[in-house]
K.L.:
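Below you'll find the structure I mean.
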Amino acid sequence: MNEPIHNTTSRDHGPETIPVVELRGITKAFPGVLANDHIDLALRGGEVHCLLGENGAGKSTLMSILSGMVQPDEGDIRVHGEPTRLASPKRAIEMGIGMVYQHTTLVPTLTVLDNLMMGALGTFRLDEAGSRARLAEVAGMLGVDVDPDAETATLALGQQQQIEIIKALWRGSKVLILDEPTSMLTPRGVEELARALERLKGHGMAVVLITHKLHEATSMGDRVTVLKQGRVVGRLEPDELRGRSHDELQPVIVAMMFGEQEEAEPELVELQEHVVPVRGARELPREALLELVDVHVAPRGGELGVRGVDLSVRPGEILGIAGVDGNGQRELAEAIAGQRHVSSGEIRFQSLHIDRLSVWQRERMGLRYVSDDRMGEGTVAALPVGLNLVLKRIGQAPFWRRGSIRHAEIERNAREKIEEFAIRTPGPGTRIGTLSGGNIQKVVLARELAHEPKLVVYNKPTYGLDIVTTRTVRERIEALAAEGVSALVISTDLDELVALCDRIAVISRGRIAGIVENGAGAAQRVGELMVGGQAEVA
Amino acid sequence: GSDDSSSTTAASSAASIEKIAIAAPEKGNDYGWNQQGVEGATAAAESAGAEIDVADGSGYDDVEPVLRRLAQRGAKMIIAQASGYNTVAPKVAAEFKVPTIVFDSPSATTPGEVADVETSSQQGAYLAGILAAKTTKTGTLGIVISAADTNWFKQAGGFAAGAKSVNPDVKFKMAQIGQAAYADSAGGKRVTSQVIAAGADVVFGMGDGASFGMLQAVETAKAPAGADKVWFIDVIGDKTPIDKKGVLLSSVIWDFTKVYEQAIADIGAGTFGDQGYDLSVSNGISLLRTDHASDEVWAEIDDAQAKIASGEIDVPLTPDQAAVNALIK
Amino acid sequence: MSSETTAPSVTPGAGETAPVPALGRFAETAIRSLVPVLLALVAGGLVLLALGTNPITFYANVWSGGVDFTAWEDTIMRMAPLTLIACGLIFVFKAGIWNLGIDGQFLLAGAVIAGLAPELYGNMPDALMFFILFVVAGVVASVWTIIPAMLRAYYGVNEIITSLMTSFIGINLANILIKGPFQDAASNVPQTKAIPFTNLLPTIPGTRIHVGVIVAALAAVATWYAMSRTSFGLRLAILGANARAATHVGIPVARLIIVSFMVSGLFIGLAAASEIMGIWGYVRADWNPAFGLLVVPLVFLARFNAIAVIPFVAALALLTIGGDFATQEAGISNEFTLLLVGLVLLFMGVTELLGRNRNLGASYLQGIRRKVRVREETS
Amino acid sequence: MSDLLTTDVLTALIAGGILAGVPLLFASLGEMVAERAGVLNIGLEGYMLIGAYFGFLVAYHGGNTFLGFLGGAAAGAAVSLIMVALCVQMGLDQIVVGIAITLVAEGATALIFDANFAESRPTLGATGRIDIPGLSQLPVVGGADTSDGSIFSQPPIVYIGLIIVALTAWTLRRTHWGLNIRAAGDKPSALDAAGVSVVATRAWATIFCGAMAGLGGAYLSITAAGLFEDFITQGRGFIAIVLAMLARGKALWVLIGSFVFGISLSISDVLQIAGVDISTDLVFMLPFVTVIVVLILFGRRSYLPAALALPYVRGAR
Ligand SMILES: Nc1ncnc2c1ncn2[C@@H]1O[C@H](COP(=O)(O)OP(=O)(O)OP(=O)(O)O)[C@@H](O)[C@H]1O
Ligand SMILES: Nc1ncnc2c1ncn2[C@@H]1O[C@H](COP(=O)(O)OP(=O)(O)OP(=O)(O)O)[C@@H](O)[C@H]1O
Ligand SMILES: [Mg+2]
Ligand SMILES: [Mg+2]
């Protein structure tokens with residue numbers, strides 16, 4: 001271990017150089033799904049290779065094969081030209097492949113240093129001193145700063161992401177795979193990541209970057225591969241990327257990703273994040289639908305809690321909550337939804353005090369919550385899609401009559417929602433846990449938006465979604481707002497908030513640092529508040 | 001009680017009994033209660049010329065099917081060798097009209113169906129007390145019981161009374177292993193060691209499996225100050241075959257043979273169940289004779305036994321801990 | 001792969017939703033139930049041979065001991081408490097809650113009603129007395145689950161620890177009650193006063209089988225219905241599958257934990273009432289049939305299905321009743337029965353696993369399910 | 001009451017506490033380690049029984065108690081291989097298999113013991129002790145000249161046990177094995193992703209658990225009872241599980257818990273011997289009642305590994 005990262009910069013990547021890793025004809029089937037269908041992919045040193053594709057296209061599966069987590073049904077893998085079987089993550093690590101998974105692989109109860117030392121070979125005793133030195137080295141290479149003794153659970157997601165990257169580089173990897181590393185990061189975090197990747201490229205590393213944000217692909221990627229339904233449907237070589245602007249590249253990529261669908265070209269062009277216009281002011285009723293007065297929520301292990309938040313949302317209004325992840329957003333959302341007690345202060349909904357009402361009662365009043373943790377709490381993986389769609393209606397007509405389930409109603413409802421939200425699933429009876437993230441998110445939305453919502457709290461509603469799904473979700477939020485359904489949209493993605501909201505509040509260290517009316521220059525001011533808010537306490 | 005003088009004549013006249021059966025909770029090789037029961041029943045069957053059907057190791061919980069099966073297999077008398085059987089056995093007896101012997105349930109005695117056996121084991125324990133008091137060097141006697149069991153309390157009291165009849169100043173260290181630690185041999189060893197550490201050099205131990213732990217504790221114990229050896233007095237059965245270290249001073253033997261012979265005789269005479277039986281020094285309770293005590297001591301014990309049988313000595317009955325405590329304090 | 005399988009939305013037949021033909025499913029179930037029993041019998045037979053016992057005779061004796069004469073009635077009666085306990089366990093296990101304090105709950109309820117019965121007996125119609133005793137037993141056992149339930153519900157204290165601890169305490173408490181306030185003054189062994197065996201639970205006409213068996217059968221049907229058809233059952237299933245999701249969808253988790261614990265106690269109490277009022281009429285100190293440990297695995301093998309658990313319970317009852325006779329005949333320790341039950345469990349697990357890999361159908365065990373799915377998928 | 005204060009009685013109290021506590025110490029130490037790795041060994045009682053039987057057997061035939069301890073540990077480890085194969089490897093339910101192991105062990109040991117030793121009922125002699133020079137002459141805590149010793153006069157296995165406790169604590173905290181074990185219980189997917197075999201980590205932890213429980217059982221039969229008896233463990237395996245969980249993953253707390261429990265059993269004996277009339281039912285309940293009361297009064301979330309009793313399957317959804 002601890003071997004220094006090679007400084008062999010191989011800037012020239014002509015076809016004559018052997019790729020660090022080469023995948024040929026990789027095929028992988030899951031029940032009902034062909035996740036990877038004869039995929040070829042070559043990764044070269046000193047390059048960032050962007051992997052794009054809609055939700056469920058098979059990106060994570062392909063990378064899991066590369067990291068030894070999943071075994072392919074067919075195809076072969078060459079590392080430095082040598083045919084290699086990556087039978088386990090251990091083998092992959094030995095072959096110099098480091099992976100940052102889509103879902104965190106840090107042990108929350110361990111310290112940062114423990115997490116990094118895990119799996120290191122050679123010694124019996126933990127080599128703390130050596131590991132600290134190594135941490136300093138890798139952190140320096142990435143240009144980040146981490147506390148080795150912090151308990152991992154207490155760190156913000158952005159910091160956890162950095163540790164994941166450090167972990168992937170820890171044993172001197174030549175290949176670094178990042179599965180959607182940016183979806184939780186602020187624009188600043190993304191910039192930092194981009195700089196770090198630049199440095200790694202400089203050290204000759206091959207980087208795979210999976211993202212749903214095309215501008216990240218065009219700005220950071222040296223090479224692009226687009227997957228669709230398990231197949232490679234398009235590639236952009238370095239010479240095709242170099243020297244072309246984002247606006248030129250975007251339609252090309254979009255066409256590759258969604259080209260076969262019936263959507264018309266002009267619409268597709270509108271998918272570009274920056275094209276969505278900033279919302280103008282709307283006429284809204286005066287009286288508040290939801291009001292928070294000096295709300296405090298006690299923190300649980302590692303959280304900040306909420307410390308005196310005042311907010312009000314009017315009928316039909318879309319209020320954004322911007323801020324770096326881990327500043328009390330989840331606590332706030334859960335307090336409104338009723339999943340947590342408010343330690344002091346008041347929550348009023350439709351002028352009623354709801355502090356003491358249960359989740360269930362609030363749901364019946366039309367207060368809905370789209371959780372940011374769709375796998376952990378939003379759905380029950382072992383239950384079928386059909387039941388997941390009615391989880392918040394258990395015992396209610398028409399799905400239950402006198403306490404007994406009516407399968408026909410549930411099935412009918414499921415078919416309706418699958419159709420309406422274009423959920424990709426083999427059927428209503430499929431266990432939801434096997435769907436791709438985007439499709440799980442659609443099930444959650446379909447459930448929350450049914451049965452006359454009045455106000456919906458969305459926590460990172462488009463996290464991890466592909467562009468088409470993202471657009472669908474945003475359109476729904478707007479369409480509902482037009483019908484008078486309010487929305488509280490919590491997001492770390494400023495662009496999203498600017499595109500959607502009437503007003504944007506900035507949350508920082510459990511407090512509201514300020515509220516900005518959306519309009520020209522709003523993004524600027526929100527950004528300032530976010531920075532200022534941090535500075536205020538730090 | 002019943003007179004035992006007629007047992008031999010009765011046995012020969014009871015030709016109608018072809019088969020007797022016994023159900024016992026544990027296996028009949030425990031050097032204790034179950035072995036005594038099975039051996040007694042076997043001997044009684046033999047002397048009556050009857051077949052014996054042994055259902056040992058029947059446990060306590062599934063005994064009804066066992067008893068029913070014994071009845072259905074043609075037993076003409078069933079011995080339900082456990083006080084824990086004393087509610088189920090009469091039920092089966094009534095249904096199959098089989099004379100049945102139960103224990104510790106005087107009210108169950110029913111003419112023609114059920115006869116209860118009471119054990120005056122305190123009488124034997126009294127003799128053990130005499131032996132212990134004659135043997136002890138430290139003047140402190142240990143009493144270890146494996147459970148809060150009436151039979152154990154009765155014997156503890158008899159033991160104390162017997163010892164005090166020899167030496168009123170003798171001290172007692174008594175301890176119970178657990179609520180139902182009949183088979184906790186590790187507990188038996190632990191508690192016995194502590195009783196010895198508290199000064200006892202003769203330990204009167206009552207338990208089933210736990211007795212083996214007590215015996216082991218005595219075997220490995222360091223004698224308390226003033227004594228050169230620690231002795232063990234057992235109950236019910238005869239552990240001589242496994243007493244490798246020669247620490248078994250004696251045992252209060254419960255021999256059921258005569259009682260069972262009497263019951264067979266009573267069936268023949270049509271008087272079964274008219275009254276219960278009493279196992280006493282006159283028909284089966286005795287002290288195991290070893291050569292660890294002098295002949296004078298044994299003579300004294302024989303004398304006491306005769307006096308108990310004749311009623312000259314009245315051994316106190318101590319059915320619970322409180323009654324025992326009153327005696328040993 | 002054909003091109004049809006490329007789109008994620010096709011081949012609905014694969015995996016999850018494939019309908020299994022009814023006969024095939026039945027055959028599989030039969031195979032899965034019989035093979036492990038046969039394997040266990042073979043393994044047990046080898047042990048018997050080693051001990052110098054003829055296995056064929058031995059097993060024939062198990063059967064005849066459990067069925068011949070009137071033993072079949074005992075076997076059926078033994079099923080009553082086992083089934084009731086199994087029902088109780090389904091309510092907690094399905095919710096992912098480990099109530100392992102069965103014996104304490106069972107004995108405490110038994111001790112209380114055994115102490116109460118002589119007081120009521122003769123003062124009211126028997127039917128009323130039995131009703132009261134069943135209710136009291138259910139209430140006592142379910143009250144005895146409250147401490148583990150509340151500690152789990154409000155403090156998140158692991159209920160395996162607390163239910164085991166309260167079980168030890170309950171067993172001791174039952175003994176204290178039996179030897180103290182409930183001691184039969186007329187008896188010099190520690191036990192409660194008995195109600196006459198002629199006045200125990202009524203029997204099914206023409207048999208000795210007490211009506212506790214009917215209570216148990218009704219309980220099994222009710223449990224099955226509640227778990228598979230009602231919203232209550234689904235809430236328990238969600239709690240068991242994902243407790244955070246339960247909170248999120250508005251299930252009152254703390255309350256549900258307490259309710260499921262108490263329902264499980266209720267059934268365990270009913271089991272005690274049925275056993276004591278149906279068979280014993282009193283309780284002896286130190287009486288502990290220790291049903292808990294035997295029933296827990298059956299509930300798993302039946303995959304928390306109250307109807308499916310009945311054949312397992314029947315097999316266990318037959319084995320415990322007939323095993324006593326067979327071991328006596330063979331002159332070996334009756335603990336052989338335990339060995340056999342344990343072997344059946346082990347082989348059931350193994351068969352299950354092999355069966356899944358040969359795609360015999362759905363699995364018995366929660367745990368292997370996930371594992372096996374992936375195996376299939378990766379193979 | 002003055003009887004209570006004699007040095008002999010106090011020594012016996014400590015000796016009794018150690019006799020009762022050591023089997024629990026070994027078994028719950030093993031269980032604690034396995035639990036940290038995510039394996040719940042409900043079959044601890046079974047491991048202990050098998051360890052007790054084979055420990056006794058080896059000590060009896062080999063004529064050497066130390067061999068007996070090794071034999072018990074080896075037998076316990078061997079039985080735990082069932083758990084390794086069925087649960088750790090194949091992912092069968094840990095509770096079902098654990099209970100099956102207990103039942104098989106209860107049945108098998110009773111059966112074999114009955115067939116081999118029911119008539120002869122052999123016992124072993126006292127286990128040899130080592131006296132810590134100087135200290136073993138101290139009153140009460142010394143115990144050189146008493147039957148069962150005291151703190152400074154115990155069989156080597158007791159001191160070895162203390163060393164194992166210290167080593168376990170150190171290993172869990174300071175070594176790669178320890179780190180792997182902690183990760184395997186809290187987040188096995190992370191351990192797997194780091195290139196360490198979750199199966200191997202859990203397997204070793206389970207084997208350690210089996211060996212320790214077997215050793216505890218062997219101590220029970222060889223030293224604490226000096227003989228074997230059907231069901232000699234008398235539910236101690238389950239008490240050890242409770243103690244392991246209460247220890248919250250800390251070896252030191254296993255040590256404290258075991259001896260507190262041992263001493264509390266021993267105290268009830270001593271009180272009775274001293275003539276204090278006390279129900280053993282009550283005394284036996286006391287440690288548990290105390291813990292429950294403490295939990296109710298100060299009840300806070302108890303720490304148990306997040307992945308306890310869950311099979312790990314790479315990439316499962
Ligand atoms: N373990 C599994 N069991 C069953 N199906 C699976 C499994 N893993 C992946 N799939 C399926 O394989 C397909 C590809 O999934 P994958 O996670 O690779 O998509 P992705 O491109 O990473 O999507 P996203 O952008 O949502 O992360 C999906 O349809 C998914 O449902
Ligand atoms: N009370 C309930 N009401 C409605 N649906 C339920 C209920 N309990 C479970 N379900 C769901 O209904 C389906 C069938 O239930 P169940 O788990 O009993 O069947 P199963 O044969 O065991 O299925 P599996 O093989 O998936 O375990 C499952 O998807 C289950 O999640
Ligand atoms: Mg993915
Ligand atoms: Mg199911």
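First the proteins, then the strands, lettered A, B, ... as listed; each starts at 1. This is a predicted model, so every value here is computed, not measured.
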K.L.:
Are side-chain heavy atoms of C:Ser231 and A:Phe399 found at a separation under 4.5 Å?
P.N.:
no

K.L.:
Supply the atom-to-atom distance C:Asn242 CG to A:Leu391 CG, rounded to the nearest 0.5 angstrom.
P.N.:
9.5 Å

K.L.:
Side chain, backbone, both or neither: which part of A:Arg447 has a non-hydrogen atom closer than 4.5 Å to chain C?
P.N.:
side chain

K.L.:
Given that the side chain runs from C-beta out, which part of A:Asn439 has a heavy atom under 4.5 Å from chain C: side chain, backbone, both or neither?
P.N.:
neither

K.L.:
Under 3.5 Å, side-chain donor or acceptor atoms of residues 376-384 of chain A against the rest of the protein: list the pairs with distances, not counting sequence neighbours.
P.N.:
{"from": "A:Glu377", "atom 1": "OE1", "to": "A:Gln339", "atom 2": "NE2", "distance (Å)": "3.4"}
{"from": "A:Glu377", "atom 1": "OE2", "to": "A:Ser371", "atom 2": "OG", "distance (Å)": "2.8"}
{"from": "A:Thr379", "atom 1": "OG1", "to": "A:Arg374", "atom 2": "O", "distance (Å)": "2.8"}

K.L.:
Assess whether atom CE of A:Met365 is packed by more than 12 heavy atoms of other residues, nucleotides or ligands within 6.0 Å.
P.N.:
yes

K.L.:
Flag the one option from C:Pro252, C:Ala243, C:Gly250, C:Ala241 with the top tally of heavy-atom pairs under 4.5 Å to chain A.
P.N.:
C:Gly250

K.L.:
State the OG1-CZ distance between C:Thr230 and A:Arg402, to the nearest 0.5 angstrom.
P.N.:
14.0 Å

K.L.:
Might you point out which heavy atoms bring A:Val359 and C:His248 nearest each other, and give the distance in Å?
P.N.:
CG1-O, 3.6 Å

K.L.:
If you count every heavy atom of other residues, nucleotides or ligands that lies below 6.0 Å from A:His341 atom NE2, does the total exceed 12?
P.N.:
no

K.L.:
Non-hydrogen atoms of chain C under 4.5 Å away: do they reach the side chain of A:Ser404, the backbone, both or neither?
P.N.:
both

K.L.:
Hey, are the side chains of C:Ile238 and A:Leu387 touching, using non-hydrogen atoms and a 4.5 Å cut-off?
P.N.:
no

K.L.:
Can you tell me which of C:Ile251, C:Val249, C:Val253 forms the most heavy-atom pairs within a distance under 4.5 Å of chain A?
P.N.:
C:Val249

K.L.:
Over all heavy atoms of both residues, which pair between C:Arg235 and A:Trp360 is shortest? Give the atoms and the distance, please.
P.N.:
NH2-CH2, 4.4 Å

